[in-house]
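Below: the structure, in structure tokens.
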Amino acid sequence: MADSLVIVESPAKAKTIGKYLGSKFIVKASMGHIRDLPKSQIGVEVENDFNPKYITIRGKGSVLKELKDASKKVKKVYLAADPDREGEAIAWHLAHYLEIDESDTCRVVFNEITKQAVKDAFKTPRPINMDLVNAQQARRILDRLVGYKISPLLWKKVKKGLSAGRVQSVAVKLIIDRENEIDAFVPEEYWTITAQLKKGSSSFEAKFYSLNGEKKELGNESEMQEVLKAMGSSPFTVGEVKEKERLRNPAAPFITSSLQQEAARKLGFRASKTMSVAQQLYEGVDLGKEGTVGLITYMRTDSTRLSPIAQEEAKAYIEEKYGPAFAPEQPRVYTKKNSNAQDAHEAVRPTSVLRDPDTMKEYLSRDQFRLYKLVWERFVASQMSSAVLDTMTVDFNVGSGAVFRAVGSKVKFQGFMKLYVEGNDDGTTDEEKFLPPLAAGDVVAPESIEPKQHFTQPPPRYSEARLVRMMEEVGIGRPSTYAPTLETIQKRGYVAMEEKKFIPTELGELVIQMMEEFFPEILDAEFTAHMEEDLDHVEDGKEDWVRVLGNFYTSFEKRLEVAEDEMKEVELQDEISDEICEKCGKHLVYKMGRFGKFLACSGFPDCRNTKPIVKDIGVACPKCAVGKIIERRSKKGRYFYGCDQYPGCDYVSWDKPVSKPCPSCGSLMVEKRNRSGAKLVCTQCEHNEEVVEEQDSAEL
């Protein structure tokens with residue numbers, strides 16, 4: 001008969017742990033938090049040291065009864081929620097409900113859900129860490145004070161249903177600030193001159209570098225013509241040749257933010273999807289005869305630290321798989337990228353490097369496999385030797401003082417690059433650029449010389465990956481908050497997604513404008529980052545949580561009083577379209593949803609008719625030959641293309657049809673896009689061709 005009860009958050013985690021612990025343990029799930037602040041009121045006694053008034057979460061009655069009954073039948077109760085502030089708070093609430101003394105050794109934590117890690121954790125249970133609990137409480141109360149004090153103001157002055165949040169407001173302001181940068185951006189002209197050179201069978205590029213001994217940027221056509229005049233029709237004579245060896249080091253193992261960024265770049269995952277799939281891999285997957293095993297360590301972390309055991313296992317694997325040269329003599333240690341990092345957990349890594357992705361593939365869903373492969377490869381690569389590159393820089397003297405430069409590189413030793421190379425936000429890949437053997441005095445005749453005009457581009461809008469990176473850089477939010485923050489700002493209608501990039505809505509701009517006037521500290525990234533540091537100090541036991549809240553609330557309360565008196569009421573006017581509602585005859589107006597603009601009846605709420613905004617792409621329907629192809633948006637925000645005669649014609653395509661017919665068979669061609677670029681592909685034959693797209697630097 002069981003003599004111990006173990007409580008975790010989820011059934012999946014309970015199932016995995018239950019198989020490790022055996023018949024002496026009953027493992028049950030609390031289904032997350034059991035208590036929280038009430039939704040109907042602020043739930044915080046500000047005058048009584050910010051005492052929170054917790055209530056049982058609606059719908060948890062049967063779960064709590066089951067846990068209570070089970071706890072009475074055992075000698076010992078263990079609380080094994082996740083190893084972070086949130087998990088500690090869940091354990092504390094459970095202890096209160098089950099009448100367990102906080103000082104009792106009831107808390108069990110593990111960073112990975114493997115048999116050995118779980119069994120080791122139960123050998124060293126500890127009391128509930130009240131510093132962790134207080135840090136979580138302070139964050140929860142702080143966010144409640146901001147949300148429940150400012151939101152009613154926004155309801156009264158703007159419209160019902162609005163909300164303000166401490167971290168979400170700063171995130172929206174970052175998006176608005178970037179949009180303002182884009183609007184204010186003034187393109188600057190510049191020119192490049194590229195020479196296509198050939199020596200023997202090798203063809204390569206050289207670009208204009210300097211004139212009369214000074215590096216020169218070509219700002220206009222006359223400056224470009226000056227260079228062409230200096231060049232004349234002279235040959236390209238090799239001046240200086242520099243050859244050197246360069247080391248390239250692997251990226252650090254994943255932390256939460258870098259995992260979300262890389263999954264967005266390489267897999268196309270949104271932050272919420274990345275965390276959901278990672279949670280599944282952490283909680284456990286059925287591996288057949290091996291049973292249920294957690295495949296990765298805890299995924300909410302800002303630490304790149306790795307356990308010595310994991311490093312030793314990786315070294316042995318690398319030496320056996322790739323050879324001794326691919327493993328450095330000493331394990332790689334990565335320093336904290338962010339000085340504010342809590343460093344509470346290890347980096348995100350596989351629980352065993354021996355469970356390689358190919359072996360695991362049959363047990364995983366497609367998304368699980370792709371994310372696991374990413375985590376596994378990143379971890380193994382982080383423990384591999386540096387890559388060695390041979391680089392070659394050649395300067396060519398041309399005519400009267402013009403210098404062109406060619407740069408080439410080749411991989412001398414692959415090192416970590418044999419397995420994995422980190423992605424980047426612009427989707428470019430590292431390609432070897434070979435240069436033929438060249439020596440001073442060699443003369444090379446150009447095949448072509450191409451001057452080209454360019455214009456600088458504004459900074460790019462934030463994708464989810466870019467915004468997470470920016471939030472991390474400025475120190476707002478923590479690993480557990482990135483994904484929920486991105487979801488919230490879209491659900492509130494403050495921002496929308498357009499081509500997978502954030503754009504602010506009129507509502508978002510208005511709310512931030514009002515908050516900036518009356519609550520500037522809430523929107524100050526530095527102030528928010530400082531608050532995060534204070535919460536970290538509470539967790540470390542260096543700061544009192546009540547004092548942290550008191551310091552914030554003193555000035556916040558004064559600003560609330562001013563805002564109540566001085567904030568003006570604003571009425572949002574919808575933009576009226578030319579289209580008429582087919583149901584009631586009134587004009588349709590433009591509305592902004594989480595996936596961008598749509599049309600809705602101005603007679604709302606009496607008429608709830610809505611329509612997507614469609615875009616004619618100038619291509620005739622290949623199926624019915626009567627209709628036109630229009631761009632639409634699915635309920636999940638993804639673009640697709642269909643005939644405007646629907647439902648009479650059911651032609652539909654995820655790929656964008658183009659007006660250019662296939663040169664081979666004359667059939668319809670579509671544009672297929674991936675991270676490396678775009679191709680035009682025939683829908684009937686095998687013909688395909690690259691789409692040439694000029695990509696100027698986005699951040700010159």
Side-chain angles (χ1 to χ4, degrees), residues 182 187 192 194 196 264-270 423-429 431 448 450 452-458 460-461 463-465 496-503 577-579 590 593 595-599 611-698:
I182 294 169
T192 58
T194 304
Q196 193 69 34
R265 296 183 193 114
K266 291 194 170 183
L267 309 180
F269 285 8
R270 300 190 66 183
N424 54 56
D425 287 329
D426 59 15
T428 58
T429 56
E431 294 181 2
S448 65
E450 183 185 12
K452 195 169 185 180
Q453 182 187 38
H454 307 266
F455 291 92
T456 56
Q457 299 296 304
R461 285 172 171 157
S463 61
E464 282 201 348
M497 293 295 278
E498 192 171 280
E499 297 180 353
K500 295 187 177 181
K501 302 290 193 299
F502 285 113
I503 58 169
S577 76
D578 294 330
E579 292 198 46
Y590 291 103
F595 296 119
K597 282 188 175 182
F598 65 96
L599 289 167
K611 288 175 64 176
I613 297 173
V614 296
K615 178 181 172 185
D616 183 353
I617 64 170
V619 179
C621 177
K623 188 168 184 178
C624 69
V626 176
K628 297 177 182 178
I629 300 299
I630 55 176
E631 182 182 85
R632 294 179 178 271
R633 223 165 190 176
S634 70
K635 289 182 179 179
K636 292 187 176 181
R638 185 179 173 187
Y639 286 106
F640 69 97
Y641 304 88
C643 182
D644 66 356
Q645 299 299 305
Y646 178 85
C649 176
D650 61 358
Y651 173 81
V652 68
S653 171
W654 287 114
D655 301 311
K656 183 179 181 180
V658 295
S659 56
K660 177 183 177 181
C662 174
S664 298
C665 69
S667 300
L668 178 76
M669 296 182 75
V670 295
E671 184 181 284
K672 286 185 175 288
R673 287 188 169 271
N674 55 36
R675 285 168 184 76
S676 59
K679 278 187 177 182
L680 296 183
V681 179
C682 179
T683 55
Q684 298 298 324
C685 72
E686 295 182 355
H687 176 81
N688 68 80
E689 56 189 70
E690 297 286 339
V691 175
V692 179
E693 296 179 307
E694 182 180 324
Q695 291 187 342
D696 295 340
S697 169

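Counting from 1, the numbers follow the sequence of the chain as shown.
Of all the heavy atoms in D644 and G627, the pair that sits closest is OD1-CA, 3.3 Å. Scanning all heavy atoms of the two residues, the minimum distance from S667 to T683 falls at CB-OG1, 4.4 Å. Counting all heavy atoms, side chain and backbone alike, P657 lies closest to I629 at CG-CG2, 4.0 Å.
The closest side-chain heavy-atom distance from L599 to Y590 is below 4.5 Å. Using a 4.5 Å cut-off on side-chain heavy atoms (C-beta onward), F502 and M497 make contact. Residues S659 and I617 fail the side-chain proximity criterion, which asks for heavy atoms closer than 4.5 Å.
For the side chain to side chain contact (heavy atoms under 4.5 Å, CB included) test, residues two or more places apart in sequence or in another chain that qualify with S664 are C662, C685, H687. For the side chain to side chain donor-acceptor pair (under 3.5 Å) test, residues two or more places apart in sequence or in another chain that qualify with Q196 are S203. Taking P661 as the reference, nothing meets the side chain to side chain contact (heavy atoms under 4.5 Å, CB included) condition, with sequence neighbours excluded. Remark: K615 engages no residue in a side chain to side chain donor-acceptor pair (under 3.5 Å) (not counting sequence neighbours). With sequence neighbours excluded, the residues forming a salt bridge (Lys or Arg N to Asp or Glu O under 4.0 Å) with R461 are E179, E498, listed by chain and number. Among residues two or more places apart in sequence or in another chain, the side chain to side chain donor-acceptor pair (under 3.5 Å) test is passed with E450 by none. When the salt bridge (Lys or Arg N to Asp or Glu O under 4.0 Å) test is applied to D616, the partners found at least two apart in sequence or on another chain are K628. Annotation: side chain to side chain donor-acceptor pair (under 3.5 Å) contacts of S577 (sequence neighbours excluded): none. E631 pairs by the salt bridge (Lys or Arg N to Asp or Glu O under 4.0 Å) definition with nothing, not counting sequence neighbours.
Of the inter-residue distances, the one linking K660 atom NZ with M669 atom CE reads 6.0 Å to the nearest 0.5 angstrom. Distance check: K679 NZ to E689 CD gives 11.0 Å after rounding to the nearest 0.5 Å. Annotation: the span from S463 atom OG to E499 atom CD amounts to 13.0 Å, rounded to 0.5 Å. Remark: L668 CG to C621 SG distance equals 9.0 Å, nearest 0.5 Å.
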Pairs of donor and acceptor atoms involving the side chains of residues 647-655, under 3.5 Å and at least two apart or interchain, shall be tabulated with distances.
unit_1 : atom_1 : unit_2 : atom_2 : d
D650   : OD1    : K623   : NZ     : 2.4
S653   : OG     : D655   : N      : 3.1
S653   : OG     : D655   : O      : 2.7
D655   : OD2    : K672   : NZ     : 2.6

